[in-house]
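Below is one structure, written out as structure tokens; comments come after it.
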Amino acid sequence: MKERLYIFDTTLRDGEQAAGCQLSTVEKIQIAKALEKLGVDVIEAGFPASSPGDFNSVVEVSKVVKEPVICALTRCLKSDIDIAVEALRFAKKKRIQTGIGTSDYHIKYKFGITRGEVIRQAVECTAYAKKFVDDVEFYCEDAGRTDNEFLAEVVEAVIEAGATVINIPDTTGYCLPEEFGKKINYLKHNVKGIDKVLISVHCHNDLGMATALALAGVENGARQVECTINGVGERAGNTALEEICMILKCHKQIGVDTGINTKYLVKTSRLVSNLMNMPVQVNKAVVGRNAFVHSSGIHQDGVLKNRETYEIINPKDVGADKSQLVLSARSGRAALKSRLKKLGIDVTDAVSIDGIYAKFIRLADRNRYITDDDIIAISGQDIKDVKSVSILKHKVSSALGEGAKAYLKLLVKGEEREAEATGNGPVDASIKALKKIVGDDMTLQEFTIQSMTRGSDDIGKVYMQILYNNNLYYGFGASADIVLASLKAYIDAVNQFI
Ligand code: KIV
Ligand code: ZN
């Protein structure tokens, strides 16, 4: 029987501290509901003493969340704890996290007090919080740079005062994973009462090691990991929830299990990214757009023979649609044949595939991105015969301050259909016209525009992600006209489910 590792999500507190990622109460509620569905054990909903807005968010999140524990952060101040108690009044299960800096950097430069005074305040605040809630977590800020002997003294004192969870943060992401693992091990063997409490690790990503640090903590006895969706957080961020959960799922020998329903990882990642207005790094482990995209011919050939040749995670396990092969100048015949087959273009004889491949490579060397429309054209087919939805005519007009108007004529499964719509800009108007034709029961989840080079005459690339029937579909469009590229991307996604 595997041991349980508790997932403490701090997207709404440490995650929201990331510059430019502030969330409103309504947005926090949306994320909290998604985190509950994902199966996190604890939601750190905010730092109520920091602002009336954050206080209100903790109140409202407490009202809607039933299963996870709701945690509120405080400094080692009775006034902060009073405010947290008030903010948590509706929570079904509640926790207060209080703490103080324990490294000499904090003691000397931030507080200008003695180590003895740190212990006195730590004990006083833990005992004070304990008067209001049973579940008290104590954090030793900058524990990563605190010497182990003093850290053990602080931890022993706060356990004595009633702490139930001990949080050991590497606040500056400074430690090496092995060193951090040894720190947890040291506490396990040198603190009286440590077996009665849960050890938590909270690691930052300043040297790109936040997940490795948390893992080292788990391997040495920590049974709670504090993490955020997409690894967002102060400065370079925190341990990414999706990474730690998938590491433990892929490496069963570690012997711990989380209660995370990993099928919701990608969806939750997109929600957080959209609401925080913080794009997910394309090559981000587990949830990045390229996490299951294979580009080189050798890899594509392998994946077509057996997905596991180049994938250690099944995309379906994290809620990503499927593995994808992109066509580029590095692709081989196997990927081209597979795409032709997917498009329903029947090319069986070697002579024709050689001919199409030669044209494809010439185009790919020039274009970098090859779309389905390109493949259809070089194989001598008509797009209308291959795709369920194709554009026949598209016109937009817009004027400064007056919004925009779009006219669209599509061929939908052989039938010509047209619509007009207005919107706050040409893309909005075009997509509204499209939805009038193909249906309104889909929502845009991600919309990214990139230019290929730098000039104003450049080709624009648009990536979109559409949610339809609870499934996510990716679409790609490229054109010198960015409105048309957007429309093409939307239609590319729609073609996958229509
Ligand atoms: O990084 C840190 O030390 C923190 C604490 C407040 C838990 O975020
Ligand atoms: Zn932190």
Side-chain angles (χ1 to χ4, degrees), residues 6-19 21-22 41-51 54 58 69-77 80-81 83-84 87 95-107 109-111 118 121-122 125-126 129 135-146 150-151 154-155 158 163-175 180 183-184 187 197-214 217 222 224-241 243-244 276:
Y6 295 97
I7 295 295
F8 176 114
D9 182 279
T10 183
T11 306
L12 301 182
R13 200 278 297 169
D14 211 325
E16 201 231 15
Q17 282 175 220
C21 288
Q22 202 176 327
D41 300 290
V42 186
I43 295 176
E44 189 166 47
F47 175 12
S50 67
S51 74
D54 220 31
V58 177
V69 173
I70 302 297
C71 180
L73 182 80
T74 77
R75 289 166 295 181
C76 212
L77 290 174
D80 273 23
I81 295 172
I83 297 172
R95 177 183 298 176
I96 288 178
Q97 160 145 243
T98 190
I100 191 166
T102 52
S103 71
D104 289 338
Y105 292 97
H106 285 229
I107 297 175
Y109 302 119
K110 218 169 85 172
F111 309 127
V118 165
Q121 289 185 20
C125 282
T126 305
D135 194 357
V136 176
E137 174 164 342
F138 187 88
Y139 65 89
C140 305
E141 196 180 7
D142 205 14
R145 293 187 300 171
T146 303
F150 180 59
L151 190 61
V154 178
V155 171
V158 295
T164 43
V165 184
I166 297 296
N167 182 10
I168 305 298
D170 188 8
T171 306
T172 57
Y174 174 74
C175 288
F180 190 66
K183 191 176 280 291
I184 303 299
L187 296 175
V197 299
L198 188 66
I199 302 180
S200 183
V201 283
H202 173 117
C203 302
H204 279 267
N205 206 32
D206 299 66
L207 291 172
M209 296 191 292
T211 302
L213 287 163
Q224 177 178 280
V225 169
E226 309 202 356
C227 45
T228 60
I229 300 291
N230 301 332
V232 286
E234 189 80 37
R235 304 183 309 281
N238 291 60
T239 300
L241 181 150
E243 292 173 9
I244 194 77
M276 285 190 165

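First listed ligand is number 1; within each ligand, the first listed atom is number 1. All values reported here derive from a predicted model rather than from experimental measurement. Numbers here are sequence positions counted from 1.
Inspection of the environment of the Zn ion (ligand 2) yields the following protein N, O or S atoms under 2.8 Å: Asp14 OD2, His202 NE2, His204 NE2.
Looking only at side-chain heavy atoms (C-beta outward), Glu137 and Phe8 come within less than 4.5 Å of each other.
With hydrogens and angles left out, the side-chain atoms of Asp135 and Thr164 include a donor and acceptor closer than 3.5 Å.
Distance check: Thr98 OG1 to Ile81 CD1 gives 4.0 Å after rounding to the nearest 0.5 Å. For the atom pair CG (Leu73) and OH (Tyr139), the distance works out to 5.0 Å, reported to the nearest 0.5 Å. Distance check: Ile199 CD1 to Ile184 CD1 gives 6.0 Å after rounding to the nearest 0.5 Å. One finds the CD atom of Gln97 at 5.0 Å from the CD atom of Glu226 (value rounded to the nearest 0.5 Å). Atom CZ of residue Arg75 and atom OG of residue Ser50 lie 8.5 Å apart, to the nearest 0.5 angstrom.
With a 4.0 Å cut-off on non-hydrogen atoms, Glu226 does not touch ligand 1 at all. Under 4.0 Å from ligand 1, the heavy atoms of Asn167 that appear belong solely to its side chain.
Inclusion of Asp142 in the set of residues having an N or O under 3.5 Å from an N or O of ligand 1 is not warranted. Taking any N or O of Thr171, backbone or side chain, at least one lies under 3.5 Å from an N or O belonging to ligand 1.
Nearest protein heavy-atom neighbour of atom 4 (C) of ligand 1: His202 NE2, 3.4 Å.
Within a 6.0 Å sphere centred on OH of Tyr174, other residues, nucleotides and ligands contribute 12 heavy atoms or fewer.
Residue Ser103 forms a side-chain contact (heavy atoms from CB on, under 4.5 Å) with just one option from Thr172, Thr146, Leu151, and that option is Thr146. Each of Asn167, Ile100, Ile96 was checked for a side-chain contact (heavy atoms from CB on, under 4.5 Å) with Phe138, and the lone residue meeting it is Ile100.
Interface atoms of ligand 1 facing Glu141, defined by a heavy-atom separation under 4.0 Å, are 3 (O).
Using a 4.0 Å cutoff on heavy atoms, Glu234 does not count as a contact of ligand 1.
Taking all heavy atoms of His106, Glu137, Arg13, His204 into account, the minimum distance to atom 8 (O) of ligand 1 is reached by Arg13.
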